[in-house]
Each structure stands twice: as structure tokens, then as C-alpha cells.
Amino acid sequence: MPQNSHVKLFIPGPVEVRPEILAAQTIPMIGHRSSEYAALQGRIMPKLRPLFGTAGRVFVVAASGSGLQEAAARNCVRRRCLCLVNGAFSERWQEIVVANGKQADVLETAWDVAIRPEQVDERLRTGDYDAVTVVYNETSTGLLNPVPEIAAVVKKYSDVMLLVDTVSMAGGVEIRADEWGLDVCLTSSQKALALPPGLALCSVSDAAMARAAAVPDRGWYFDFLQYEKYAAKNHTPATPAISLMHALDVQLDAITAEGWAARFARHQRLMQMVHAWVLANGFAFYAEEGYRSPTVTTVRNTRKIDVGALNTYLRQRGMVISNGYGNLKGETFRIAHMGDTTEQEVAELLAAMTEFLGGK
Ligand code: PLP
């Protein structure tokens with residue numbers, strides 16, 4: 001590998017960030033209580049609404065996505081939560097709910113299978129729950145859960161908040177939070193938004209705000225009521241990540257210029273390219289058919305290739321993919337195709353992977 005050359009990331013976060021976005025972070029510092037900062041936050045907010053498909057409030061927090069998983073638990077679980085689990089990140093969210101002093105039960109399926117709305121209905125019928133957590137796109141397994149259908153079920157239970165982790169898909173797949181009735185949608189900056197890590201973003205429904213107002217012990221840093229109070233002046237309770245806000249501002253202009261629909265369509269095309277490669281090269285998919293992620297493909301390593309050796313080969317060519325997550329290491333590998341990644345970049349990656357296999 002030539003010295004100082006950058007290794008292009010095809011891992012499911014952090015993803016590649018374009019130089020223009022990295023440069024936006026070098027804009028000189030401003031005071032966070034200044035009118036300039038309020039103007040920055042004020043121009044970001046309307047541009048962010050299409051990310052979640054909401055006409056309502058969006059909060060941006062200096063944290064990673066896990067912070068807002070904690071926030072959703074603290075603000076929106078009154079007593080007992082039903083955690084839908086079919087991957088590492090949904091499993092961790094359940095741990096986070098419990099770590100915040102709330103009771104949580106698990107509805108778990110095999111990790112290569114999507115959660116079905118009927119299963120959720122059956123559990124909610126017990127009347128035991130006032131919130132549901134679901135991970136829309138399981139980054140560990142490359143599986144997209146049927147959130148619109150799950151939301152249609154949850155809607156029947158007016159007292160139940162639907163909390164949705166959209167971390168590895170928001171910005172790559174359309175979300176319609178208002179139309180589907182998603183109470184909280186949370187995401188991180190370092191995935192399909194193609195920003196550096198450090199920002200967590202969420203949409204919050206009126207019902208979720210009303211729930212928060214009725215729930216004690218919300219803590220301080222992640223209190224939705226505090227966010228709302230300060231957002232009225234385009235400020236945040238604590239010091240915001242100002243440089244990242246500049247990057248977000250510039251990136252939202254670029255996304256708006258690309259067009260949200262065009263961006264989602266590009267993600268579909270990238271997924272199809274990767275799917276075609278998987279099939280042409282005798283591999284299989286980890287996630288069941290019909291629920292495969294448009295942002296990350298988890299490949300079943302049916303040919304038992306040495307994933308470490310593949311990555312060494314790719315690194316020498318300035319690229320890197322991801323091994324399987326946790327127990328799935330070696331048995332699977334993951335190719336991310338999200339953010340600002342182009343067809344040409346994915347084609348180059350797939351060509352190098354084919355070359356590696358040619359030597360096998
Ligand atoms: N949820 C999902 C689906 C993720 O993929 C991740 C991280 O990869 C997280 C939550 C945690 O997000 P963060 O690392 O931004 O805290």
C-alpha cells in the first residue's frame with residue numbers, strides 16, 4: 001500500500017466522510033449562546049425533517065446513538081418495556097433499558113429472521129407494556145425489520161410508545177415517522193448520513209413528549225423536556241458539538257441537492273450490486289429473503305474463506321470491509337454500502353474481492 005494512502009471504509013460505521021464535510025469542521029469556533037450559533041441550528045432543523053419524515057421536532061445531541069437509546073428509555077418507558085431482539089444492537093438496547101432502572105421483557109427471534117407484527121400484537125395484548133423498542137436495521141445481521149407493519153400494530157395500543165433505532169439506515173432508507181406513528185426515531189451521525197461520529201439525532205412525537213412529562217427521573221443530559229425548552233431558541237441545554245453541526249449543515253445541503261429520494265434509490269442500487277456479487281460468487285445471505293438491508297449486507301461465509309486474509313488483500317488496495325459481528329465472526333462478513341458511497345466505489349471493491357477469490 002502506498003504510504004499515507006487512506007484506506008476506504010466499507011464497514012458499517014464509521015463510514016467514509018467526504019473531504020468537503022471534513023473541512024466544514026475547521027470553521028473557526030463561535031460561542032454556543034451566540035446569535036450565529038442559533039442561526040446555524042435554526043437552518044439545520046428544517047433540512048433535517050425529511051431524514052425522519054416528520055413535520056415535528058428533531059433534536060441533535062452531542063453523543064453517539066447509544067446515548068439516545070438511553071434517552072428513549074429514560075423519557076418514554078413508564079414502567080415496563082417490550083424489547084424486540086434479533087441482533088446485537090437490539091439486545092444491547094434491552095440492557096440499556098434495564099440499566100436505566102426500567103423493567104423490560106424480550107421478544108426474541110432467531111437473528112436471521114425478522115420480527116413479525118403478529119408476534120408483537122400477541123405480546124401487547126397482555127396489556128403489560130407501555131413502550132416497545134425495535135432496531136429498524138440490525139447492523140450485526142444486515143436485517144431490516146418491518147417497522148411500518150410493526151408500527152401499525154403498536155398504533156392499536158394508544159398507551160404504548162414505539163421507540164425505533166434507525167442508526168444504520170436513516171439517510172439511506174426512507175422513514176415516515178409521522179405517517180407510521182413512530183414516537184422516537186434515533187440515529188447516529190457516522191452511518192448513512194456520512195458524517196464523523198459524535199452527533200446523535202432523533203425525532204420525538206407529541207405523545208412521547210407527553211409521556212416524558214409524566215415520567216420521573218429522566219436524568220438531566222438526556223431530558224427531552226430540557227431539549228424542547230432550549231430548542232425554542234435554537235440552543236441546546238449543554239454545549240453542542242459546534243464543529244460537527246457545521247459538518248451537518250453542509251452535508252444536509254449536499255443531501256438536499258442530491259435529493260432524498262435519489263439518495264434512497266442509490267442505496268437500493270448499491271444493495272443490488274452487492275447482492276449480485278454474493279450470488280455470482282457462490283455465497284449466501286445471512287438475513288432471510290425480503291428483509292435484507294439496503295445499507296449493509298451480511299454475507300454467510302459458505303465458501304469458508306479466510307476473512308482476515310481477504311481484508312489484508314483489500315487493505316493493500318486501499319479498502320476494508322468488516323468481519324462478522326461477535327459470534328458471527330468468520331461465519332459471516334459484512335459489506336457496508338451506505339452514506340455517500342458511489343456505484344463506482346462499490347464496483348471497485350467487488351472487483352478486488354473477486355480478484356482475491358480468483359486466487360483461491
Ligand atoms: N444501534 C445500531 C443498530 C448500531 O449499529 C449501533 C452502532 O453501530 C448502535 C445502535 C450504537 O450506536 P453508537 O455507536 O453511535 O452509540
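The basis for the numbers below is simple: all heavy atoms, side chains too, and nothing from hydrogens, waters or symmetry mates. All ligand and atom numbering here is 1-based and tracks the order in the structure.
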Peer 1: Listing by chain and number, which residues have a heavy atom under 4.0 Å from ligand 1?
Peer 2: Ser64, Gly65, Ser66, Gln69, Phe89, Val135, Asn137, Thr139, Asp165, Val167, Ser188, Gln190, Lys191
Peer 1: So, do Phe333 and Phe283 have ring centers that fall under 6.0 Å from each other?
Peer 2: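 Yes, the ring centres sit under 6.0 Å apart.
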Peer 1: Under a plain distance cut-off of 3.5 Å, with no hydrogens placed, do Asp165 and Gln69 share a side-chain donor-acceptor pair?
Peer 2: yes
Peer 1: In the structure I gave you, are the side-chain heavy atoms of Asp159 and Arg211 within less than 4.5 Å of one another anywhere?
Peer 2: yes
Peer 1: Quick check: does any side chain N or O of Arg266 sit under 3.5 Å from a backbone N or O of Thr342, one acting as donor and the other as acceptor?
Peer 2: no
Peer 1: Do the side chain of Asn311 and the main chain of Val307 share a donor and acceptor less than 3.5 angstrom apart?
Peer 2: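 Here the side-chain-to-backbone pair does not exist.
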Peer 1: Centres of the Phe59 and Phe222 rings: under 6.0 Å?
Peer 2: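 Judged by ring-centre distance (under 6.0 Å), Phe59 and Phe222 do not meet the cut-off.
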